[in-house]
Amino acid sequence: MTDARKIIIDTDPGQDDAVAILLALASPVELDVLGITAVAGNVPLALTERNARIICELAGRPDIKVFAGCAAPLKRRLVTAEHVHGKTGLDGPQLPDPTMPLQPGHAVDFIIETLRQEPPGTVTLCPLGPLTNIAQAFQTAPDIIDRVQQIVLMGGAYFEVGNITPAAEFNIYVDPEAADIVFRSGVPLVVLPLDVTHKALTTRDRIAAFRAMGTEPGRMVAEWTDFFERFDMQKYGSQGAPLHDPCVIAWLIRSDLFAGRHINVMIETQGEFTTGMTVADWWGVSGRPANALFIGSVDADGFYALLTDRIRRL
Ligand code: RIB
Ligand code: CA
């Protein structure tokens with residue numbers, strides 16, 4: 001895997017996280033997954049780390065190093081999303097208990113040690129949940145900040161506004177202080193907000209393509225998306241659900257499928273009604289320097305063609 005991009009996936013599985021992890025593990029030519037770090041988010045940490053191991057074994061990759069990270073946001077009480085993902089976080093299909101081990105040691109220490117061991121500028125962090133682990137690593141070891149190649153994350157919203165409050169997207173809302181640390185860190189950011197993920201909607205045909213694979217991963221993806229989409233379809237009246245987190249991995253593999261703008265994005269941490277909002281200066285009126293490539297659109301057919309092609313390989 002000499003040319004493969006070295007990544008750490010930080011995640012709170014979550015059905016969409018699961019599809020993202022499967023996509024990454026199905027793409028070894030492009031991506032070298034150094035490890036997976038679980039964080040509390042969609043469901044508590046005890047479930048997100050368990051779910052991460054279940055997903056790795058489903059992909060036939062019990063060798064992947066999975067670490068448990070932070071069980072709560074830096075300063076706030078944890079807010080979870082069982083109403084979207086179900087009690088286990090991976091509701092939909094019946095799932096086997098994981099047999100692969102959880103790595104000893106804290107996820108934050110793994111992030112720090114990996115960034116210190118790998119050459120500077122060669123590791124990309126891919127957060128798919130609240131940014132607590134990343135922020136904690138930056139606070140604990142500021143020397144690693146300049147060593148990060150890029151952070152490619154799912155989070156935030158601007159034109160699409162919030163999904164957990166009228167103003168805020170869930171990943172940012174759960175730990176706005178952590179997000180503020182990451183967005184002020186100076187690390188090159190690629191942000192995949194609801195503005196783009198809400199254009200990557202499942203459809204009956206797209207889900208049928210997963211089921212038609214006749215493989216366990218294909219069946220799981222179909223059953224996860226069947227379960228996951230009911231919330232968004234009811235809430236938005238849409239024909240399908242946004243596959244949020246796989247957009248991060250798809251961007252790493254085929255960034256040409258996406259488009260966005262380099263702009264300034266700041267995190268609201270004080271607002272009575274707007275805490276967790278990503279204040280995206282899309283029209284360049286703030287005078288603040290650009291700190292993020294904020295993605296606004298995707299070729300949805302191309303995205304699902306990539307996803308289907310790769311999941312089929314597992
Ligand atoms: O708002 C969507 C994000 O919150 C996704 O990452 C989903 O998995 C949840 O973590
Ligand atoms: Ca997630």
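All ligand and atom numbering here is 1-based and tracks the order in the structure.
- Looking only at protein heavy atoms, the nearest one to atom 6 (O) of ligand 1 is D245 OD1, 2.6 Å.
- Near D12, with a cut-off below 4.0 Å to any heavy atom, the atoms of ligand 1 are 10 (O).
- What sits closest to atom 9 (C) of ligand 1 on the protein, heavy atoms only, is N42 OD1, 3.1 Å.
- Follow the hydrophobic side-chain contacts under 4.5 Å out from I55 and you never reach L34; the two are in separate clusters.
- Remark: ligand 1 atoms within the under-4.0 Å shell around heavy atoms of F170 are 1 (O), 4 (O), 9 (C), 10 (O).
- Note: angle at the Ca ion (ligand 2), from OD1 of D12 to OD1 of D17, is 90° (rounded to 10 degrees).
- A salt bridge does not link D97 to R53: none of the charged side-chain nitrogens sits closer than 4.0 Å to a carboxylate oxygen.
- If you check the side chains of T124 and Q149, you find a donor sitting under 3.5 Å from an acceptor.
- Of all atoms in ligand 1, listed by their number and element, those nearer than 4.0 Å to a heavy atom of D16 are 5 (C), 6 (O), 7 (C), 8 (O).
- Its N, O or S atom nearest to the Ca ion (ligand 2) is what matters here, and for D245 that atom is OD2.
- For atom 4 (O) of ligand 1, the nearest non-hydrogen atom of the protein is N171 OD1, 3.1 Å.
- F159 and W282 have perpendicular rings, their planes meeting at more than 60° on a 0 to 90° scale where under 30° would count as parallel.
- You'll find the side chain of L131 stays beyond 4.5 Å of the side chain of D175, heavy atoms only.
- Side-chain contact between E160 and V196: absent, with no pair of heavy atoms (C-beta onward) separated by less than 4.5 Å.
- For atom 2 (C) of ligand 1, the nearest non-hydrogen atom of the protein is E169 OE2, 3.4 Å.
- Close approach of ligand 1 to D17 is summarised as follows: ligand atoms under 4.0 Å from at least one heavy atom of the residue are 8 (O).
- Figure legend: R230 and F227 shown as a cation-pi pair, the cationic atom lying under 6.0 angstrom from the six-membered ring centre and within 45 degrees of its axis.
- A donor atom on one side chain and an acceptor atom on the other are found under 3.5 Å apart for T11 and D17.
- Only the backbone of L128 comes within contact range of ligand 1, with a heavy atom under 4.0 Å; no side-chain atom does.
- Contact detail for A72 and T132: the closest heavy-atom pair is O-CG2, 3.4 Å.
- Atoms of ligand 1 lying under 4.0 Å from at least one heavy atom of H244, given by number and element, are 2 (C).
- Atoms of ligand 1 lying under 4.0 Å from at least one heavy atom of M154, given by number and element, are 2 (C), 3 (C), 5 (C), 6 (O).
- Here L128 meets the criterion, with an N, O or S atom under 3.0 Å of the Ca ion (ligand 2).
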